[in-house]
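A short write-up of the structure that comes next.
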Amino acid sequence: MERKGSVLKKTLAIGMLILLGLYPAVGWSKDVYKIGGIFSITGPSSFLGDPEKKSLEMVVDKINAEGGIDGHMLEAVIYDTEGDPGKAVLAVNKLISKDNVLAIIGPSLTPTTLAVVPIVEKSQVPLISCAAGIKITEPVKPWVFKTAQSDVLAVAAIYEHMKKHGIKKVGIITVENAFGESGKEQLLAQAPKFGLEIVQQESFGAKDTDMTPQLTKLRSAQPDAVICWGTNPGPAVVAKNARQMNLNMPLYQSHGVASPKFIELAGDAADGILLPTGKILVAQQLPETDPQKAVLLDYINTFEKRFEMPVSGFGGYAYDAMHLLADALKGTEGDKQKIRDALEKITGKIGVTGVFNFTAQDHNGLGSDAFVMVKIEKGTWKLLNE
Amino acid sequence: MQELLQYFFSGITNGAIYAIIALGFSMLFNTTGLINFAHGEFVMLGALSMITLWKGLELPLMAAFMVTVVGVSAVGLLLERLAIRSVRKPHPIVLVIITIGASIFLRGVGMLGWGKDAHSAPSFTDHAPFELAGATLLPQTLWILGIVLIIVAGLQLFYRRTLTGKAMIACAISKKAAWILGIPSERMVLLAFAMSAALGGIGGLLITPITMSSYDMGTMLGLKGFCAAMLGGLGSSWGAVLGGVLLGVMEALGVGFFSSGLKDVIAFVLLLLILYVRPSGILGTKAVQRF
């Protein structure tokens with residue numbers, strides 16, 4: 001008797017719990033739009049994922065405060081990939097099958113994005129990646145978009161700057177990972193277009209402690225300038241070694257180190273380094289005529305006020321992605337096919353990263369004006385106007 | 001010629017670091033016959049503590065140096081006292097596995113304490129790099145080389161001239177016989193652990209100005225140090241130095257004359273070769289047993 005009673009009690013209790021769980025949903029007039037977010041919030045690339053997560057939450061809160069989209073509130077379900085492709089795949093599967101999200105923003109890195117692309121393509125969920133790799137949107141995949149500037153544009157910005165300054169011969173040193181390989185490919189492919197010759201190419205491991213031998217080899221090839229392509233901490237070691245060796249030639253770095261962390265790691269050796277970056281680092285220095293200036297200043301002010309930490313360009317990728325998604329969500333009533341189609345038709349959207357003009361052939365939608373060249377001077381970035 | 005010299009200098013810098021790590025392996029092996037795979041983590045702890053104390057808290061260089069060394073050797077003491085001595089059947093393979101476990105644990109501690117980001121510190125002295133025939137030599141390299149030489153000489157004196165040092169060697173030869181003769185062998189092992197950890201810590205704090213430090217730096221450095229110790233002959237102090245410098249120079253030359261991708265391959269091919277051809281290493285005298 002005693003046992004039976006307890007089973008009954010348990011069933012009742014569970015039933016009550018289920019009812020309680022359902023209750024809020026019953027009370028709302030319209031469904032919540034669930035948006036998935038996957039970023040490398042912790043791990044070596046947390047400098048990307050952490051501001052991205054915060055920016056996404058910031059935009060979602062703002063849209064909800066303004067009454068949501070067509071009366072639907074937004075809810076962001078965010079998972080951490082730790083920069084690991086395996087974990088990214090698990091998180092995306094969870095977002096699609098368990099959380100039933102309408103669209104996914106992220107991941108932060110090219111390898112993690114490439115790992116999840118087949119899944120979103122198969123289950124037909126729109127994905128807006130925050131990673132830079134060109135392979136994400138080229139060739140175009142119907143359900144995959146991205147907001148970060150491609151390496152192509154960064155390489156073009158560097159090469160344009162070199163051309164203007166009469167540089168003819170270039171030495172390159174790239175990191176041995178997906179970011180470095182993709183950069184190397186673009187550097188090699190675009191050089192002839194700008195009349196440049198790559199006289200020496202070197203590489204380094206992501207955890208190497210000393211790049212002097214590679215730089216020595218580069219120096220003996222006598223280039224006019226050296227381009228280093230990698231993400232922290234390797235490029236900071238390259239900068240330090242180049243300074244120690246008195247490598248008397250301009251050192252260009254990629255947009256992968258456009259963050260205060262690089263200046264902190266490289267210290268004095270960062271001075272004089274040239275790099276392409278999104279406009280956010282130099283928003284104050286932009287001319288008033290720049291269409292992005294107002295959007296940039298607004299983002300910087302709200303972000304810094306809310307999180308009390310300095311803003312970085314990386315958070316802007318998620319900020320833009322959410323704004324684009326919000327535009328695309330309008331009038332779709334949560335139909336994924338309609339969201340995708342609407343995303344593809346967005347033009348002239350001014351974002352933090354650049355001005356987006358999506359087409360069926362271009363799922364990144366940015367032009368070369370999304371990058372500006374800056375020079376590191378006294379621990380900060382100076383916009384180069386020429 | 002200029003390139004060759006530059007590769008050589010770069011190799012010496014890395015080699016001196018490998019040497020000091022190899023010394024730690026060697027000195028512990030000398031007393032206990034044990035290979036401590038958590039040694040790389042002592043290097044990591046040394047590097048990150050140094051950054052916190054010197055750059056973060058702005059202690060004077062010498063004070064930061066001392067506190068770091070004492071702190072890391074205290075961790076070594078704790079490791080011996082809590083994890084090694086409490087093993088009921090101290091079979092070598094069990095102890096080696098314990099040290100691997102300790103290395104994973106310490107890496108976790110490092111990650112919690114210092115986060116996953118890389119950190120860096122300025123050079124010990126503000127001297128400009130030296131120019132020699134077009135190649136540059138870092139002042140920090142001289143610091144490292146100098147300290148390594150002082151340590152090796154000190155260790156030699158310690159083993160040859162002091163009673164404690166001799167007692168340590170006695171323990172290495174036969175722990176039981178040493179104990180019968182009245183040598184407190186347990187205390188010797190404890191001391192060896194503390195000294196070896198201190199060496200790891202010194203290695204770590206010397207690297208900080210040269211490269212970036214992060215919680216997961218220890219694994220690779222530990223393995224390279226182990227290679228260097230094997231190469232020179234496990235148990236021999238001068239062998240550790242020779243092995244370290246040799247390994248560093250070969251790596252730099254490999255990068256210079258072949259390909260950047262080959263850097264780590266060189267170290268491990270060397271390790272395999274030495275294990276096959278001459279398991280006792282270049283300067284090793286002791287027969288190495290397989291357990």
Side-chain angles (χ1 to χ4, degrees), chain A residues 40-47 49-50 82-83 172-176 180 200-221 231-248 259-270, chain B residues 1-11 13-15 17-18 55 111 115-123 126 128-131 134-141 207 209-217 219-221 224 248-249 251-264:
Chain A
S40 46
I41 301 165
T42 60
S45 38
S46 59
F47 66 96
D50 183 55
E82 297 168 38
I172 61 174
I173 175 165
T174 55
V175 66
E176 285 159 4
Q200 184 76 32
Q201 37 173 312
E202 288 297 321
S203 65
F204 59 88
K207 283 197 175 27
D208 279 4
T209 48
D210 181 40
M211 278 57 143
T212 320
Q214 287 97 321
L215 288 172
T216 309
K217 223 170 153 188
L218 282 175
R219 181 165 65 181
S220 55
T231 44
N232 288 328
V237 182
V238 170
K240 270 191 170 181
N241 289 158
R243 173 61 55 96
Q244 288 152 355
M245 295 173 51
N246 257 329
L247 194 76
N248 272 327
S259 70
K261 186 79 196 167
F262 172 73
I263 297 182
E264 182 202 321
L265 287 177
D268 292 342
Chain B
M1 184 59 213
Q2 182 194 340
E3 284 93 61
L4 191 69
L5 201 61
Q6 186 65 65
Y7 297 143
F8 187 69
F9 284 162
S10 162
T13 312
N14 270 332
I17 296 167
Y18 298 155
K55 207 179 144 204
M111 189 182 82
K116 291 183 171 179
D117 274 337
H119 304 270
S120 77
S123 294
D126 268 340
F130 302 104
E131 287 261 0
T136 43
L137 181 65
L138 297 184
Q140 190 69 24
T141 305
I207 313 175
I210 290 186
T211 186
M212 310 296 146
S213 312
S214 60
Y215 78 99
D216 55 356
M217 69 191 283
T219 318
M220 203 46 156
L221 285 169
K224 295 274 178 73
V249 171
E251 271 188 5
L253 291 179
V255 171
F257 291 114
F258 299 103
S259 147
S260 335
L262 280 181
K263 198 179 162 202
D264 295 335

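In the text below, chain A, chain B and the rest are named by the order of the sequence lines, each starting its count at 1. Computed from heavy atoms alone, side chains included, the values below leave out hydrogens, waters and symmetry copies. Being a predicted model, the structure only gives us computed values, none of them experimental.
Considering all non-hydrogen atoms of both residues, B:Ala118 and A:Pro233 come closest at CB-CB, 3.8 Å. Closest approach of A:Leu215 and A:Val238 over heavy atoms only: CD1-O, 3.7 Å. Of all heavy-atom pairs spanning A:Arg219 and A:Met245, the tightest one is NH1-O, 3.1 Å. Closest approach of A:Thr212 to A:Thr216, counting heavy atoms only: O-OG1, 2.6 Å. In plain terms, the two heavy atoms of B:Met212 and A:Ala236 that are nearest each other are CE-CB, 3.6 Å. Closest heavy-atom contact between A:Arg243 and A:Asp268: NH1-O, 3.5 Å.
Only the side chain of B:Leu138 has a heavy atom closer than 4.5 Å to any heavy atom of chain A. For B:Lys224, no part lies under 4.5 angstrom from a heavy atom of chain A. If you measure heavy-atom distances from B:Pro209 to chain A, the contacts under 4.5 Å come from the backbone alone. For A:Glu176, the part lying near chain B is the side chain, with the backbone staying farther off; criterion is any non-hydrogen pair under 4.5 Å. For chain B, the nearby part of A:Lys240 is the side chain; its heavy atoms alone come within less than 4.5 Å. Only the side chain of A:Ser46 comes within less than 4.5 Å of a heavy atom of chain B; its backbone N, CA, C and O stay farther away.
Partners of B:Val255 by side chain to side chain contact (heavy atoms under 4.5 Å, CB included), not counting sequence neighbours, listed by chain and number: A:Pro213, A:Gln214, B:Ser260, B:Lys263. Under the rule for a ring-ring contact (aromatic ring centres under 6.0 Å, His included), the partners of B:Tyr7 that lie at least two apart in sequence or sit in another chain are B:Phe257. Not counting sequence neighbours, the partners of A:Glu82 by the side chain to side chain contact (heavy atoms under 4.5 Å, CB included) test are A:Thr42, A:Asp80, A:Lys87, B:Lys116.
Within residues 259-267 of chain A, the residues approaching chain B closer than 4.5 Å by heavy atoms are, in numerical order, A:Lys261, A:Glu264, A:Leu265.
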